[in-house]
Protein chains: 2
Amino acid sequence: MSRPTIIDVAKRAGVSKSLVSLVMRGAPNVSEEKRQRVLGVAADLGYRPNAVARSLVRQRTNLLGVLLSDLHNPFFAEVIDGIQAEAAERGYRTIIGTGDRVELSEARALDTMLELRTEGLILASPILPMRRIAEASREVPTVLVARGSRSASVDSVANDDTAGAALAVGHLASLGHRRIAHIDGGDGAGSRERRRGYERAMERHGLAGEARVVAGSYTEEGGWKGVRALFSRGRAPSAVFAANDLAAIGTLSALAERGLSVPEDVSVVGYDNTALAAAHHIHLTTVDQPRPEMGRTAVRLVLERLDGKRRAARHLLMPPSLVVRGTTAPPSNAPGKRRSR
Amino acid sequence: MSRPTIIDVAKRAGVSKSLVSLVMRGAPNVSEEKRQRVLGVAADLGYRPNAVARSLVRQRTNLLGVLLSDLHNPFFAEVIDGIQAEAAERGYRTIIGTGDRVELSEARALDTMLELRTEGLILASPILPMRRIAEASREVPTVLVARGSRSASVDSVANDDTAGAALAVGHLASLGHRRIAHIDGGDGAGSRERRRGYERAMERHGLAGEARVVAGSYTEEGGWKGVRALFSRGRAPSAVFAANDLAAIGTLSALAERGLSVPEDVSVVGYDNTALAAAHHIHLTTVDQPRPEMGRTAVRLVLERLDGKRRAARHLLMPPSLVVRGTTAPPSNAPGKRRSR
DNA sequence: GGAAGGATGTGGAACGTTCCACTTTGGCCA
DNA sequence: TGGCCAAAGTGGAACGTTCCACATCCTTCC
């Protein structure tokens, strides 16, 4: 009644279990006749190799664990595309776990992966404390995606938020904007770097005097409140760089409520290039992160350590790129002219 | 250099491996003194139970496999929330695999789960042919989510698309609309049922003569083209029921391009209640599926079979609900009056 | 005082593979 | 003919657990 094993196949085919093992793994030096016989019996019996037993004896699972902080965030889907593609090419299988933004369940998921003896771990912006992550990295090569790290034992690959912010500011400045404001991302990941990148880019463009940052968050509401703060006092900006796409959408809503049209009255730039940003209806100019490439890179980092090629930690920053869509245009008072510093 | 085993712990603590095993599993009838000693040594050594070995001897893994056709579709994230919650409550762990809409990689992911000896399988609208799914179901209890099935061996839980469509039509009819058109979902999952539900609801409301279906798809473009077909010939509808949210957003774009405002000139209803629909900027009236509940139900169906409580297949249909937002209003010519049949 | 029995602890078999060392077979060449 | 070697196939140990049957010790009770 229970699943057939390699021994059942061997008995039925009249050969040794070793030979069945060889056939199942496609080894050479097996006569064509026996190969066919074994394969036939295996199919008849519905035999399926037991990865559990195999992993135990081989002392390796060929499994990479991917821990996602949040399945709801479409950002990670594309990272995983890259992870899976690269892993498949290198002969590894992937399993995904998630903690849904709850530290306890994230820890549980991590334990599951570790107990299943995944050979490497890719953590996509986990909320777990660094201490736990460092602990895991002692058991198995671990890389952090989209969460910075200075750890000596945990690699990381993130997008260069500073450069991305500079891209946004550069685009707006070259359209002729001077009063470019920033609605920041609060304590969200990368938020500090984006703000810093904004400030430095403003300086580089000779617009330090025009720089203005208001508090926000990585949510629609954050963008919405940011607009309220920006337009209720002081001189209104002609362009807004929001901390991410969600905040940018909140910005769009708030601007519409105030009767300001985009991009005629105000230009808006987001960050992340989510599907939301790409929707026709929104058509948001935004900064894109090379997500699949980040995923591929994460796998490469894990495998470098697995192959024993490296011991020192690496912290990679991928270059973001600008995606120009319909929410940016020259300011109404200064059409299209480029203003360099 | 390699990972410590139960035997290393036993030696160091001066007890038998059996006792270590008992301690690790929190068994009673272990003296407090030895328990502490074993726990201490285990912590010192960084011992972590090997789920691979445990699974092999226990002949069970306590693992449920979830196969996702498409990580990019946020629909599934909430289904998984429900799956994970229910699984955790029942003492099961979950691993997620995905095929990213490619049959071959979906098959690979399925094989991985089966070889890892997951005890049950939840397939979220897989693209795999039914034959392969039925095969899998012979090895392990299998349930299909958001994909219908009449199979005798595979359970399924889906949303009642017919009822959902009726909800949409009922809402529009009660607002006073008569010329309610439907942009359908082509060959997408559930599309036929939604169309059928639309047609029957129109009949029930005495609007059979006004019913009009145009070909579309589950994409923005599908909705966009649908509007072109609807408004280029024949009498223009006062309300559109799009096959899903994406198509509804395409509909909104196309209507805006034609200078028609929503909901003043035309009402629009979508299906799925995605995050996109909820975004302030879009604020789409739509039909919601009880996603987390679908996930929980899927787990229950798997466990029923696992516990040997059931052999016959069950095919469940969950009731959808209407989410009224800003894209629907009474038609301009017939304000608010309810027209029953 | 001794039997009964509960509490605590132990050794070995088993789970389903892989891998290593070994055997058998047969072909080829001097 | 005999010796060698490659090709094909085999048996058993090992992987790290759990579980079962059993052993030992201590308390309790008649």
Side-chain angles (χ1 to χ4, degrees), chain A residues 1-39 41-42 45-63 111-112 114-119 139-140, chain B residues 1-39 41-42 45-63 91 111-112 114-119 139:
Chain A
M1 188 53 238
S2 74
R3 321 274 312 246
T5 73
I6 209 171
I7 298 203
D8 299 320
V9 176
K11 273 195 196 129
R12 188 91 101 86
V15 298
S16 71
K17 63 180 182 10
S18 302
L19 185 61
V20 176
S21 173
L22 291 171
V23 170
M24 295 319 290
R25 286 175 289 150
N29 295 353
V30 174
S31 68
E32 196 47 33
E33 180 219 339
K34 301 232 172 160
R35 176 187 307 282
Q36 291 307 334
R37 188 148 91 231
V38 168
L39 254 21
V41 170
L45 258 38
Y47 168 74
R48 177 184 296 280
N50 185 330
V52 173
R54 176 196 317 219
S55 299
L56 183 60
V57 62
R58 297 201 52 201
Q59 296 283 74
R60 50 177 312 190
T61 54
N62 248 272
L63 222 49
D111 280 336
T112 297
L114 253 14
E115 288 180 15
L116 286 175
R117 294 297 194 259
T118 52
E119 298 181 35
E139 302 188 32
V140 107
Chain B
M1 186 53 236
S2 73
R3 320 276 310 249
T5 73
I6 209 172
I7 299 205
D8 299 321
V9 177
K11 275 197 194 125
R12 187 90 101 84
V15 298
S16 72
K17 62 181 182 6
S18 302
L19 185 62
V20 177
S21 173
L22 291 171
V23 171
M24 295 319 290
R25 286 175 288 147
N29 295 354
V30 174
S31 68
E32 196 48 33
E33 180 219 339
K34 302 233 170 162
R35 176 187 307 283
Q36 290 308 333
R37 190 148 91 230
V38 168
L39 254 20
V41 170
L45 259 35
Y47 168 75
R48 177 185 295 281
N50 185 330
V52 173
R54 178 199 319 230
S55 300
L56 183 60
V57 63
R58 299 202 54 201
Q59 296 283 75
R60 51 176 314 190
T61 54
N62 249 272
L63 221 49
D111 280 335
T112 296
L114 254 12
E115 289 180 13
L116 286 175
R117 295 298 193 258
T118 51
E119 296 180 36
E139 303 187 31

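Lettering follows sequence order; numbering is per chain, from 1.
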For D/dA8, does either OP1 or OP2 sit under 4.0 Å from a side-chain N or O belonging to A/Asn29? yes
Does D/dG9 have its OP1 or OP2 closer than 4.0 Å to a side-chain nitrogen or oxygen of A/Ser31? yes
Check: B/Leu22 and B/Arg35 side chains under 4.5 Å, non-hydrogen atoms: no
Report yes if some heavy atom in the side chain of B/Ser55 is under 4.5 Å from a heavy atom in the side chain of B/Arg117; otherwise report no. no
What does the B/S/- profile of nucleotides 16-27 of chain C look like, 5' to 3', with a 4.0 Å heavy-atom cutoff to protein? BBBB--------
Taking five pairs at each terminus, the helix from C/dG1-D/dC30 to C/dA30-D/dT1 shows an axis bend, to 10°, of 50°
N-O pairing of B/Asp8 and B/Arg3 below 4.0 Å: no
Starting from the C-alpha separation in whole Å, work towards a yes-or-no answer on side-chain contact (heavy atoms from CB on, under 4.5 Å) for B/Glu119 and B/Thr61. CA-CA 7 Å; B/Glu119 296 180 36; B/Thr61 54; 3.5 Å; yes
Return the CG to CG distance between A/Asn50 and B/Leu116, rounded to the nearest 0.5 Å. 9.0 Å
Looking at CG of A/Leu19 and CD1 of A/Ile6, how far apart are the two atoms once the value is rounded to the nearest 0.5 Å? 9.5 Å
Nearest atoms (heavy-atom pairs only) where A/Ala13 meets A/Val41: CB-CG2, 3.9 Å
I'd like to know if the side chain of B/Arg25 and the backbone of B/Ser21 have a donor-acceptor N/O pair within less than 3.5 Å. yes
What's touching nucleotides 24-28 of chain D from the protein side, N or O pairs under 3.5 Å?
none

